[in-house]
Amino acid sequence: MVIQKFGGTSVGSAARIKDVAALIQDGRRKVVVLSAMSGTTNSLAEIVQALNKGDKDVVHTIVDDLERTYAVTVEELFQSKAFKLRALEMLEGHWSHILSFTLDMFTRFEERTVLAQGELISTNLLQLYLEEQSVYSALLPALDFMRIDQQGEPDMWYVKSNLERMLKENPDVDLFVTQGYICRNHFGDIDNLKRGGSDYTASIIGAAIKVDEVQIWTDIDGMHNNDPRVVKQTKPISRLTFDEAAELAYFGAKILHPTSIVPARQASIPVILKNTLKPDLPGTIISNEPSGDFIKAVAAKDGITAIKIKSDRMLLAHGFLRKVFEVFERHKISIDMITTSEVAVSLTIDTTEDIAPLLEELRLYGKVEVDTVQTIVCVVGHLLQEEPGHAAKILGALKDVPIRMISYGGSKNNISILIDSHLKTAALRALNHGLFNLEA
Ligand code: ADP
Ligand code: ASP
Ligand code: MG
């Protein structure tokens with residue numbers, strides 16, 4: 001059995017949905033995970049914002065736009081009048097549901113219900129299309145099996161037992177369709193796996209039911225060596241280890257949701273990244289297999305805050321770091337990078353929450369300096385210590401970029417560099433040229 005996940009652009013129009021329907025009919029038993037059509041979740045997020053502000057007119061305008069866009073999709077996707085009508089009726093249900101939310105009763109629950117509509121719609125459309133094409137398939141409602149616990153982690157036991165039951169109830173079905181991104185939380189309310197979370201859904205399902213492979217189909221032929229949105233020339237990487245892919249995803253390679261590799265890695269299930277527009281290209285295989293001892297890629301993660309705690313008394317004396325870490329622990333804020341000197345410790349966090357209470361507590365241990373709008377540039381590969389020169393090459397490439405922090409040696413897979421965000425483009429370009437000899 002395999003998982004095939006298709007992202008927003010891969011289902012972004014009637015023509016794309018038809019391509020997906022063709023790609024999934026290869027005779028293998030599978031669960032197809034769909035994102036919302038591209039742009040839809042952004043529109044739904046704008047609706048949420050408007051409802052929070054109490055701007056009902058904006059809500060109506062966005063819903064009208066969505067209605068028009070989807071009417072075109074329906075017209076182009078279905079052949080018969082009967083199926084077009086069924087699709088329009090289904091859509092009408094979603095629009096009126098969104099419009100039913102009133103401003104005085106708009107809480108986080110309603111917010112997440114609005115955000116869930118995109119995946120509910122795209123899977124309904126594909127399922128209807130398959131039905132019109134007489135392709136035998138079944139819809140597995142993600143809200144019936146995908147659940148996160150109190151910590152926001154996937155409840156693997158719940159997912160596994162429910163999915164196994166649902167698959168058993170449909171022994172004659174080889175093609176299952178389900179929603180990415182959406183789930184229930186430990187209260188049983190509708191929730192989601194954060195933006196880009198459909199990749200995570202695919203990996204969670206794959207690990208829960210122990211499939212042979214998880215395929216992530218998107219609009220590019222696999223993980224590239226650099227961010228194609230920033231630099232001119234990039235190239236695909238044919239193989240990555242789970243550790244390398246996890247680092248790249250976590251540190252900003254948008255092609256994968258930050259934690260999506262984790263369940264597949266735990267279950268040792270290979271993840272294959274493929275291009276829907278060019279399905280014959282090999283893409284990237286992510287597995288436990290060694291992938292070569294060299295620098296493979298760079299990625300960048302924005303929205304970082306650096307905090308320096310400088311102590312004039314005990315400095316890095318026994319117990320100092322523990323106390324500092326405990327402050328972060330109490331505030332449930334995780335640390336990405338850390339460097340120390342005799343007189344200070346610098347660390348980075350990526351939270352958007354108010355950190356004033358955290359800073360106040362840290363001030364008990366020393367002078368606290370904060371730099372916001374920082375970016376972590378992460379260089380990933382299998383960086384063997386026996387093969388010197390990696391750090392020199394990286395720093396050489398970045399010779400004109402002021403560096404705030406460097407973290408090297410935390411693992412064999414990663415060198416992280418903290419810079420001001422306005423220098424990100426310059427840094428990624430310099431690395432593209434200096435490390436990969438590609439056009440910046
Ligand atoms: P989907 O909608 O299929 O989930 P995403 O937009 O989330 O697709 O991810 C694919 C995009 O990720 C690509 O179009 C590309 O612009 C961007 N991207 C950023 N960094 C990388 C990288 N290192 N390799 C490949 N794509 C990347
Ligand atoms: N539709 C969601 C988003 O746009 C989830 C996803 O595409 O993976 O973030
Ligand atoms: Mg994505």
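For ligands, and for the atoms within them, numbers begin at 1 and follow the listed sequence.
- Checked for salt-bridge contact, Arg229 and Asp227 meet the test: a charged N lies under 4.0 Å from a carboxylate O.
- Of the candidates Lys274, Arg28, Lys30, Glu213 forms a salt bridge (Lys or Arg N to Asp or Glu O under 4.0 Å) with just one, namely Arg28.
- Neither the backbone nor the side chain of Lys296 comes within 4.0 Å of ligand 1, counting heavy atoms alone.
- Classification of Asp336 and Lys301 as a salt-bridged pair holds, one side-chain N sitting under 4.0 Å from a carboxylate O.
- Salt-bridge check for Lys424 with Asp302: passed, with a basic side-chain N closer than 4.0 Å to an acidic carboxylate O.
- Within the listing of ligand 1, atoms 19 (C), 20 (N) sit less than 4.0 angstrom from a heavy atom of Asp227.
- A heavy-atom separation below 4.0 Å is not found between Met37 and ligand 1.
- In Lys254, the parts holding a heavy atom less than 4.0 Å from any atom of ligand 1 are both the side chain and the backbone.
- Remark: side-chain polar atoms of Asp420 are not paired, donor with acceptor, to backbone N or O of Leu423 under 3.5 angstrom.
- Of the polar atoms of Asp199, none of the N or O atoms is found under 3.5 Å from an N or O of ligand 1, judged by distance alone.
- For atom 18 (N) of ligand 1, the nearest non-hydrogen atom from the set Ala299, Gly252, Pro228 comes from Pro228.
- Here the side chain of Asn225 pairs a donor or acceptor atom with the backbone of Lys235 at under 3.5 angstrom.
- Ligand 1 lies nowhere less than 4.0 angstrom from a heavy atom belonging to Ala297.
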- Item | Residues Glu164, Lys168; criterion salt bridge (Lys or Arg N to Asp or Glu O under 4.0 Å); working and verdict | CA-CA 6 Å; Glu164 281 177 352; Lys168 236 186 236 152; over 6 Å; no
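- Between the choices Asp219, Thr234, Ile220, the shortest heavy-atom distance to atom 14 (O) of ligand 1 belongs to Asp219.
- Proximity of Gly222 to ligand 1 is established by a heavy-atom distance of less than 4.0 Å.
- No donor-acceptor pair under 3.5 Å is formed between the side chain of Gln215 and the backbone N or O of Ile272.
- Of the protein's non-hydrogen atoms, the one nearest atom 16 (O) of ligand 1 is Arg229 CG, 3.4 Å.
- Taking atom 4 (O) of ligand 1 as the reference point, the nearest protein heavy-atom neighbour is Lys5 NZ, 3.1 Å.
- Remark: the backbone N or O of Tyr181 is paired with a side-chain donor or acceptor of Thr201 at under 3.5 angstrom.
- Counting protein heavy atoms only, atom 23 (N) of ligand 1 is closest to His224 O, 3.2 Å.
- A salt bridge is defined here as a Lys NZ or Arg NE, NH1 or NH2 lying under 4.0 Å from an Asp or Glu carboxylate O, and Asp191 with Arg112 meets this definition.
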For a distance cut-off of 3.5 Å, show me each N or O of ligand 2 paired with any protein N or O, plus the separation.
unit_1   : atom_1 : unit_2 : atom_2 : d
ligand 2 : 1 (N)  : Thr41  : OG1    : 2.7
ligand 2 : 1 (N)  : Glu119 : OE2    : 2.6
ligand 2 : 4 (O)  : Thr41  : OG1    : 3.4
ligand 2 : 4 (O)  : Arg195 : NH2    : 3.0
ligand 2 : 7 (O)  : Ser35  : OG     : 3.2
ligand 2 : 8 (O)  : Gly196 : O      : 3.4
ligand 2 : 8 (O)  : Gly197 : N      : 3.4
ligand 2 : 8 (O)  : Ser198 : N      : 3.0
ligand 2 : 8 (O)  : Ser198 : OG     : 3.0
ligand 2 : 9 (O)  : Arg195 : NE     : 2.7
ligand 2 : 9 (O)  : Gly196 : N      : 2.8

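- The side-chain tip of Lys160 does not point at the ring of Tyr158 from less than 6.0 angstrom away and within 45° of straight on.
- Ligand 1 is approached by Asn226 to a heavy-atom distance shorter than 4.0 Å.
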- Message: Using the rule given for salt bridge (Lys or Arg N to Asp or Glu O under 4.0 Å), can you reason through Arg429 versus Glu439, listing the C-alpha separation, both sets of side-chain angles and the distance that settles it, and then say yes or no?
- Response: CA-CA 8 Å; Arg429 285 183 177 160; Glu439 229 186 307; over 6 Å; no
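- Gly8 N, 3.1 Å is the protein heavy atom nearest to atom 2 (O) of ligand 1.
- Among Ile216, Thr284, Leu248, Thr218, the residue whose heavy atom lies closest to atom 3 (O) of ligand 1 is Thr218.
- When atom types are taken as modelled, the side chain of Thr348 and the backbone of Met337 share a donor-acceptor pair closer than 3.5 angstrom.
- The pair Lys412-Asp243 does not meet the salt-bridge criterion, since no charged nitrogen lies less than 4.0 angstrom from a carboxylate oxygen.
- The closest protein non-hydrogen atom to atom 9 (O) of ligand 1 is Ile255 CA, 3.4 Å.
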